[in-house]
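Okay, so here's the structure we're looking at.
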Amino acid sequence: MATWSILYYLRNDPDVLRESLRKRGMDPRLVDEAVKADEEWRKLKRMVDEVRHKHNVVTRRIAEERDPERRRELIEQARSLIRERERLEEQLKRVEARRNELLLSLPNIVHESVPVGFSEDENVPIRFWGRPRVYVEHLEAFKQQTERWGFKVDYELIDWKPVGHADMLEYVLGLGDTRKAGEVAGSRFYYLFDDIVWLDIALLLYAIDFMTRKGYRLVLPPYMVRRKVIMGVIDMETFKDAIYKVEGEDLYLIATAEHPLAALYMNEEIPEEQLPIKLVGVSPCFRKEAGAGNRDLKGIFRVHQFHKVEQFIFAKPEESWALLEELIRNAEELFQGLGLPYRVVNVCSGELGAPAAKKYDLEVWMPAQGRYREMVSASNTTDWQSYRLNIRLVRRKGMVKEYVHTLNSTAIASTRTITAILENYQEPDGTVVIPRVLRKYLEMFPKAPKDAIHPVKKEKVN
RNA sequence: GCCGGGGUCGCCUAGCCUGGCAGGGCGCCGGCCUGCUAAGCCGGUGGGGGUUCACCCCGCGCGGGUUCAAAUCCCGCCCCCGGCGCCA
């Protein structure tokens, strides 16, 4: 009764899946393998069921049979059926494992509105907001990232080169120490101090305040989850690149609150009148960044641990696409509030990741880098996660059961947003102005910064 | 971590000691009846397969084992409740 979209197309229209895999730059023959495995599984299952049935019939007769001789004969018959059954069951087990592995390896079906492309530069910007500060030498690069797509974005030309976020943090402000953190924990870890810590906390409070006002329910989830949960929300690839395991336990550190939030209703049925369920989770995030190589090695842009406020929605299938727009708009409002100039891109098919059918990224202009960089990612994962976590929707009429749709989006990721503030709110003298919307979350603390974060005093040169 | 009690179809519950097709109640869905509602009566109410309303398989927290046959007996694990211990 409950139909998973991928299994449906596998059996009824596999071309849809082949086309989707092609768009992702994957081998469409994976679909043929899956179709074959499913057919083989069904055939074998029929055979096994038949033998089981025969065995059940004989067994029931034994219970009634009183004559010892006749009884012995029946037991011998049952034994021989068991041998046959076990032989077939072993085959079934093998085929079933293969089939499930294939089914779970299939990525979500790419939505028709997703641009086909295989690298980051093929993401399609759909709107811009704000007036970026563009350093003269970045002007060409800036135009490349705006006008190439037919957008005319107003900008402020500056003739001084802003200091990059990593150097700002470590040397200009003197409020971060990644060298010592490297010694203590490894690269991509950090110590943050004083005003930057206040800023981290203020950002979280700002996002929590905003999202809860929108009616999202505030959740503090488990920071570790079982393997079956993690495999329910991400694919193997992401698992290898991102997930930390706790030694000796079936526990994995979450890479985002999305993971435990998705699992909040695992193995449950949600009546349709309860949907949509809108949540806002707050948690630390732990990521191995194994696939990142040397990218963004300096500073706190790409790190093993950060705080994030996350939007999450359980939805009826017919409303999920509208809710994806809501999630990205929420994120945009948050960044507009912060006054950080951004663009929203429609992420191309090859960069989606297996769980998502469609994804928007919000990228903030980084004046020191001369690039838009990802701050927010909003995805509609349709029934990909809910199938794996077994989260179903029950319609009032007719007791129809389907899988719910799940959606997720960043609200604010602390360290990344801090890097954007360090570059966009930087004055020529190194002072960082604190965005207005954050000030009320700092006011009540006597030691928190109020209007600006100042450069560390230069030591006097004698 | 230790000791004890528990986990059965959406919810509640019987069955477990003594192995033989998982029974009842509530809720929900459909039908009958009905001026309407309620009551009452009948059927349905987990997953999968199938020639799709014949039928079959699987399902009693999860995984093994014993047996012709396991909710029931044995072993391991998970979770919940209570007590002790530890602890911010």
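Keep in mind it's a predicted model, so treat the numbers as computed, not measured.
For residues 88-117 of chain A, the set of pairs meeting the ring pair (Phe, Tyr, Trp, His ring centres under 6.0 Å) definition, not counting sequence neighbours, comprises A:His111-A:Trp321. Residue pairs satisfying the salt bridge (charged side-chain N to carboxylate O under 4.0 Å, His left out) criterion with at least one member in residues 216-231 of chain A, sequence neighbours excluded, are absent.
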Got a list of side-chain donor-acceptor pairs under 3.5 Å for residues 279-291 of chain A, not counting sequence neighbours?
from: A:Arg287; atom 1: NE; to: A:Ala255; atom 2: O; distance (Å): 2.8
from: A:Arg287; atom 1: NH2; to: A:Ala255; atom 2: O; distance (Å): 2.9
from: A:Glu289; atom 1: OE1; to: A:Arg302; atom 2: NH1; distance (Å): 3.4

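Residues satisfying the ring-ring contact (aromatic ring centres under 6.0 Å, His included) criterion with A:Tyr223, sequence neighbours excluded, are absent altogether. With sequence neighbours excluded, no residue forms a ring-ring contact (aromatic ring centres under 6.0 Å, His included) with A:Tyr216. For A:Phe312, the ring-ring contact (aromatic ring centres under 6.0 Å, His included) partners are A:Phe314, not counting sequence neighbours. Checked against side-chain contact (heavy atoms from CB on, under 4.5 Å), A:Asp13 has the following partners two or more places apart in sequence or in another chain: A:Tyr9, A:Asp15, A:Val16.
For A:Phe193, the CZ atom counts as densely surrounded, since its 6.0 Å shell holds more than 12 non-hydrogen atoms of other residues, nucleotides or ligands.
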Which protein N or O atoms sit under 3.5 Å from an N or O of nucleotides 17-21 of chain B?
from: B:G20; atom 1: O6; to: A:Arg71; atom 2: NH2; distance (Å): 3.2
from: B:G20; atom 1: N2; to: A:Thr59; atom 2: O; distance (Å): 3.1

Could you list, one pair per line, each protein nitrogen or oxygen that sits under 3.5 Å from a nitrogen or oxygen of nucleotides 61-63 of chain B, together with the distance?
none

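Nucleotides of RNA chain B nearest to A:Leu7 and A:Asp49 differ in position, and the one nearer the 5' end is that of A:Leu7. When each of A:Val57 and A:Glu269 is assigned the nucleotide of RNA chain B with its nearest heavy atom, A:Glu269 is the one assigned upstream, toward the 5' end.
Counting non-hydrogen atoms under 4.0 angstrom, A:Arg11 reaches the backbone sugars and phosphates but no base.
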Base-pair string, RNA chain B, Watson-Crick plus G-U, cut-off 3.5 Å on both distances, | for inter-strand, is ((((((((.[[[[.)....(..]]]]((((((.......))))))((((.....))))..[[[[[..)....]]]]])))))))....
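Checked by atom type, the side-chain pair A:Glu326/A:Gln311 shows no donor-acceptor distance below 3.5 Å.
Of all the residues in residues 73-86 of chain A, A:Ile75, A:Ala78, A:Arg79, A:Ile82 reach under 4.0 Å from RNA chain B with at least one non-hydrogen atom. Sorted by residue number, the members of residues 32-48 of chain A with any non-hydrogen atom under 4.0 Å from RNA chain B read A:Trp41, A:Arg42, A:Lys45, A:Arg46.
Dashed line: the shortest gap from a side-chain N or O of A:Asn56 to OP1 or OP2 of B:C57 is under 4.0 Å.
Atom-to-atom, CZ of A:Arg72 to C1' of B:U67 comes out at 17 Å; the value is rounded to the nearest Å.
Ion pairing between A:Arg98 and A:Glu33 holds under the 4.0 Å rule for side-chain N and carboxylate O. The residues A:Glu183 and A:Lys180 are annotated as salt-bridged, a charged nitrogen and a carboxylate oxygen being separated by less than 4.0 angstrom. Under 4.0 Å is where a charged nitrogen must lie from a carboxylate oxygen, and between A:Glu65 and A:Arg61 no such pair does.
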Start with the C-alpha gap between A:Phe445 and A:Trp198, add the side-chain angles, then the distance that decides, and say whether ring pair (Phe, Tyr, Trp, His ring centres under 6.0 Å) holds.
CA-CA 9 Å; A:Phe445 304 108; A:Trp198 290 114; 4.9 Å; yes
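Only the C1' atoms considered, B:G27 is 27 Å distant from B:C21, to the nearest whole Å.
Checked by atom type and distance alone, the side chain of A:Glu423 pairs as donor or acceptor with a backbone atom of A:His165 at under 3.5 Å.
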